[in-house]
Amino acid sequence: MRSSLLHPSVLFAVVICLAAGAVLPQALFAQQAVERPKMRPLAPADATGLERGGSPVTDAGTLDRGARPEAKDDEKRQAAGVEDQQGVNIYYRMGVPLPDLPPEPEYKGPIDEAYGAFQRGFFLTAVDKALPRAQLGDPAAQTLLAELMNRGLGIKTDPKGAAFWYGQAAAGGYAPAMFKYALLLMEGKLVPRDKAKADEYMHKAADAGNASAQFNWAQTLVSDNPGTKGLSMALPYYEKAAEQGIADAQYAVAQIYQALTELPEDKRKRARYWLDRAARAGFDTAQLDIGIWLVNGVGGDRNYEQGFRWLKIAANRGNVIAQNRIAHLYVNALGTPPDPVEAAKWYVLSRRAGLKDPGLEDFYLGLTEEEQKKAIDAANKFRRI
């Protein structure tokens, strides 16, 4: 879950190391049939391609790889305890049916009464079952007791007590506890900050197969080793976390596959596959990027309709860059019929968020007063999905 990961802005240490460059030929923006409604297009010099970014642009929809404007919103969601790592709620609201769950494998291991009680919501029983085992040094029971204390389930909330038991379980080599305790060591609030010890536990937890630890250890490697060296060192851990369903890792794998030219061709061909998986998990930055990749033909064939669809999803979620770029698609009739009012609506929304675009501003000023009023009214009624 995203709340157990490093700060989401750290992920963009990966993006800083990557180059982006695919653009659309100017001719593709000129594909407007005679019978289509009259549009006020951007100047020809403005209609060259779509890239990703948050800075002012000089061509239509040029998206460089800038910072993500809604990062603060992600922080607020995390502070409120909102977990969207797997994106199930977002996926459901998109109107796409959820995939069937894989068949549940038959469990043949020993029965853990403490965890069984916890899973059924019998928290007092879980405490009673876990405490004696924790005191005898059982790291799984220690981790469960720490979780119960941290969340105040069946026992008084006690973050410091939880930190103690996480530490005991981590010392016992239990991967989930090593991951949790590594985060506490990095944070330095409940236990003294110790980066070296945090790195040791995170690395061990990652090697033991903990998906969140694999992602975070990859982040650490990228942060501590700038450039392609760090990306190459981190890639195996990103890949393992991606296979286990961590959307942030899936996004990172896609970006690295696309950027590192020395990788085997079979991996580079799977860049769009991983970006698509991250987008389907509800990661809005991946939804933005897969839309742009589809429009530009990055990592595969162009598909304007699918690209428009993904950008529309990201725009409806409040992604400012996607709102700006979808305005360009409406202006230039790529993947959608031209619609000057809808284009202006999305431009107004992105402009209000601080994203400047001289080309779209010229387009907006060329609209009639009635069209501008309709666009503003539509922008005022917009609500994030």
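For the numbers below, each heavy atom of this structure counts, side chains included, while hydrogens, waters and symmetry mates do not. Quantities reported herein were computed from a predicted structural model and do not represent experimental measurements.
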Asker: Are W217 and Y174 grouped together when hydrophobic residues (ILVMFWY) are joined by side-chain heavy atoms under 4.5 angstrom apart?
Answerer: no
Asker: Of all heavy-atom pairs between A247 and F283, which one has the smallest distance, and what is that distance?
Answerer: O-CD2, 3.9 Å
Asker: Determine yes or no for a side-chain-to-main-chain donor-acceptor pair under 3.5 angstrom, with Q142 supplying the side chain and A134 the backbone.
Answerer: yes
Asker: Say you draw a straight line from CG of D199 to NZ of K204; how long is it, rounded to the nearest 0.5 Å?
Answerer: 12.5 Å
Asker: Looking at every non-hydrogen atom in both residues, tell me the closest pair between Y181 and A163 and how far apart they are.
Answerer: CE1-O, 3.5 Å
Asker: If we only count heavy atoms from C-beta on, is the R277 to Y251 side-chain gap below 4.5 Å?
Answerer: no
Asker: Please determine whether a side-chain nitrogen of the Lys or Arg among K381 and D377 lies less than 4.0 Å from a carboxylate oxygen of the Asp or Glu.
Answerer: no
Asker: Answer with yes or no whether the hydrophobic clustering places L184 together with M186; edges join I, L, V, M, F, W, Y residues whose side-chain heavy atoms lie under 4.5 Å apart.
Answerer: no
Asker: L190 and M149: same hydrophobic cluster, using ILVMFWY side-chain contacts below 4.5 Å?
Answerer: no
Asker: Could you list the donor-acceptor pairs under 3.5 angstrom formed by side chains in residues 120-128, with sequence neighbours left out?
Answerer:
{"from": "R120", "atom 1": "NH1", "to": "G116", "atom 2": "O", "distance (Å)": "3.3"}

Asker: Ignoring hydrogens and angles, tell me if any N or O in the side chain of N210 forms a donor-acceptor pair with the backbone of S212 under 3.5 Å.
Answerer: yes
Asker: Would you sort out whether I290 and W274 count as a side-chain contact (heavy atoms from CB on, under 4.5 Å), showing the intermediate values?
Answerer: CA-CA 10 Å; I290 191 64; W274 284 114; over 6 Å; no
Asker: What are the two closest heavy atoms between G172 and P139, and how far apart are they?
Answerer: O-CG, 4.5 Å
Asker: May I ask you to decide if Q219's main-chain N or O and S223's side chain share a donor-acceptor pair within less than 3.5 Å?
Answerer: no
Asker: Using a 6.0 Å cut-off, check whether atom CD of E265 has over 12 heavy atoms from anything other than its own residue.
Answerer: yes
Asker: Tell me, please, which residues at least two apart from F164 pass ring-ring contact (aromatic ring centres under 6.0 Å, His included).
Answerer: none
Asker: Are side-chain N/O atoms of H203 and D207 paired as donor and acceptor at under 3.5 Å?
Answerer: yes
Asker: Please step through side-chain contact (heavy atoms from CB on, under 4.5 Å) for the pair L235 and Y257, ending with a clear verdict.
Answerer: CA-CA 9 Å; L235 182 56; Y257 279 5; 3.9 Å; yes
Asker: In Å, rounded to the nearest 0.5 Å, how long is the span from CG of L263 to OG of S232?
Answerer: 7.0 Å
Asker: If you apply the rule side-chain contact (heavy atoms from CB on, under 4.5 Å), what do you find for V298 with I292, and how did you get there?
Answerer: CA-CA 8 Å; V298 176; I292 294 167; over 6 Å; no
Asker: Minimum heavy-atom separation for A169 to A177, with atom names?
Answerer: CB-CB, 3.3 Å
Asker: Can you see whether Y238 engages D248 through a side-chain donor-acceptor pair at a distance of less than 3.5 angstrom?
Answerer: no
Asker: State whether the number of non-hydrogen atoms from other residues, nucleotides or ligands found under 6.0 Å of E113 atom CD is greater than 12.
Answerer: no
Asker: List the atom pairs, with distances to 0.1 Å, where a side-chain N or O of residues 345-355 and a protein N or O form a donor-acceptor pair under 3.5 Å, not counting sequence neighbours.
Answerer:
{"from": "K345", "atom 1": "NZ", "to": "E342", "atom 2": "OE2", "distance (Å)": "3.0"}
{"from": "W346", "atom 1": "NE1", "to": "E342", "atom 2": "OE2", "distance (Å)": "3.2"}
{"from": "Y347", "atom 1": "OH", "to": "E361", "atom 2": "OE1", "distance (Å)": "2.3"}
{"from": "S350", "atom 1": "OG", "to": "W346", "atom 2": "O", "distance (Å)": "3.4"}
{"from": "S350", "atom 1": "OG", "to": "Y347", "atom 2": "O", "distance (Å)": "2.9"}
{"from": "R351", "atom 1": "NH1", "to": "E361", "atom 2": "OE1", "distance (Å)": "3.0"}
{"from": "R352", "atom 1": "NH1", "to": "N380", "atom 2": "OD1", "distance (Å)": "3.1"}
{"from": "R352", "atom 1": "NH2", "to": "N380", "atom 2": "OD1", "distance (Å)": "2.7"}

Asker: Tell me whether D266 is salt-bridged to R270, with the criterion being a basic N under 4.0 Å from an acidic carboxylate O.
Answerer: no
Asker: Please tell me if the side chains of R317 and Q287 come closer than 4.5 Å, counting only heavy atoms from C-beta onward.
Answerer: yes
Asker: Between OH of Y364 and CG of D357, what distance do you get to the nearest 0.5 Å?
Answerer: 14.0 Å
Asker: With a cut-off of under 6.0 Å to the ring centre and 45° to the axis, is K197 in cation-pi contact with Y201?
Answerer: yes
Asker: Got more than 12 heavy atoms from elsewhere within 6.0 Å of CD, E370?
Answerer: no
Asker: Between the main-chain N or O of K312 and the side-chain N or O of N316, is there a donor-acceptor pair closer than 3.5 Å?
Answerer: yes
Asker: Does the pair Y330 and F308 meet the rule for a ring-ring contact (aromatic ring centres under 6.0 Å, His included), with working shown?
Answerer: CA-CA 9 Å; Y330 274 116; F308 173 83; 5.3 Å; yes
Asker: What pairs meet the side chain to side chain donor-acceptor pair (under 3.5 Å) rule with one or both residues in residues 155-172, with sequence neighbours excluded?
Answerer: E147-Y166
Asker: Under a 4.0 Å threshold between the charged nitrogen and the carboxylate oxygen, would E369 count as salt-bridged to K373?
Answerer: no
Asker: How about K129: does its NZ atom have over 12 heavy atoms from other parts shown lying under 6.0 Å from it?
Answerer: no
Asker: Go through the steps to decide whether M233 and T220 satisfy the test side-chain contact (heavy atoms from CB on, under 4.5 Å), and finish with yes or no.
Answerer: CA-CA 10 Å; M233 294 170 63; T220 300; over 6 Å; no
Asker: When you measure from the side chain of N332 to the backbone of L334, do you find a donor-acceptor pair of N or O atoms at a distance under 3.5 Å?
Answerer: no
Asker: Answer whether the closest heavy-atom distance between the side chains of L185 and K180 falls below 4.5 Å.
Answerer: no
Asker: At what distance, to the nearest 0.5 angstrom, does OG1 of T228 lie from CD of E262?
Answerer: 6.0 Å
Asker: Listed by chain and number, what are the salt bridge (Lys or Arg N to Asp or Glu O under 4.0 Å) partners of R133, not counting sequence neighbours?
Answerer: D112, D138
Asker: With K229, which residues qualify under salt bridge (Lys or Arg N to Asp or Glu O under 4.0 Å), at least two apart?
Answerer: none
Asker: So do the side chains of L367 and P340 get within less than 4.5 Å of each other, counting heavy atoms only?
Answerer: yes
Asker: Between R268 and Q258, is there a donor-acceptor pair closer than 3.5 Å when you use the side chain of the first and the backbone of the second?
Answerer: yes
Asker: Do L288 and L311 have side chains that get closer than 4.5 Å, going by heavy atoms?
Answerer: yes
Asker: Could you tell me if the side chain of E239 sits less than 4.5 Å from the side chain of E243, heavy atoms only?
Answerer: no
Asker: Would a hydrophobic clustering, with Ile, Leu, Val, Met, Phe, Trp and Tyr connected at side-chain separations under 4.5 Å, put I321 with F382?
Answerer: yes
Asker: What's the shortest heavy-atom distance between L183 and M202, and which atoms?
Answerer: CD2-CE, 3.9 Å
Asker: Donor-acceptor pair, R272 side chain versus D301 backbone, under 3.5 Å?
Answerer: yes
Asker: What's the spacing between D289 CG and N319 CG if we round to 0.5 Å?
Answerer: 9.0 Å
Asker: Any Lys/Arg nitrogen of R309 or E305 sitting under 4.0 Å from an Asp/Glu carboxylate oxygen of the other?
Answerer: no
Asker: For residues L365 and I376: do they belong to one hydrophobic cluster (side chain heavy atoms under 4.5 Å, members Ile, Leu, Val, Met, Phe, Trp, Tyr)?
Answerer: yes
Asker: Taking the side chain as C-beta and beyond, is there a heavy-atom pair between L360 and H328 under 4.5 Å?
Answerer: yes
Asker: Side chains of L131 and I155: closer than 4.5 Å at any heavy-atom pair?
Answerer: no
Asker: How many angstroms lie between atom CG of L231 and atom CD1 of I256, to the nearest 0.5 angstrom?
Answerer: 5.0 Å
Asker: Measure across V253 and A242 and return the closest heavy-atom pair with its distance rounded to 0.1 Å.
Answerer: CG2-CB, 4.0 Å
Asker: Keeping R302 on the side-chain end and L294 on the backbone end, is there a donor-acceptor pair under 3.5 Å?
Answerer: no
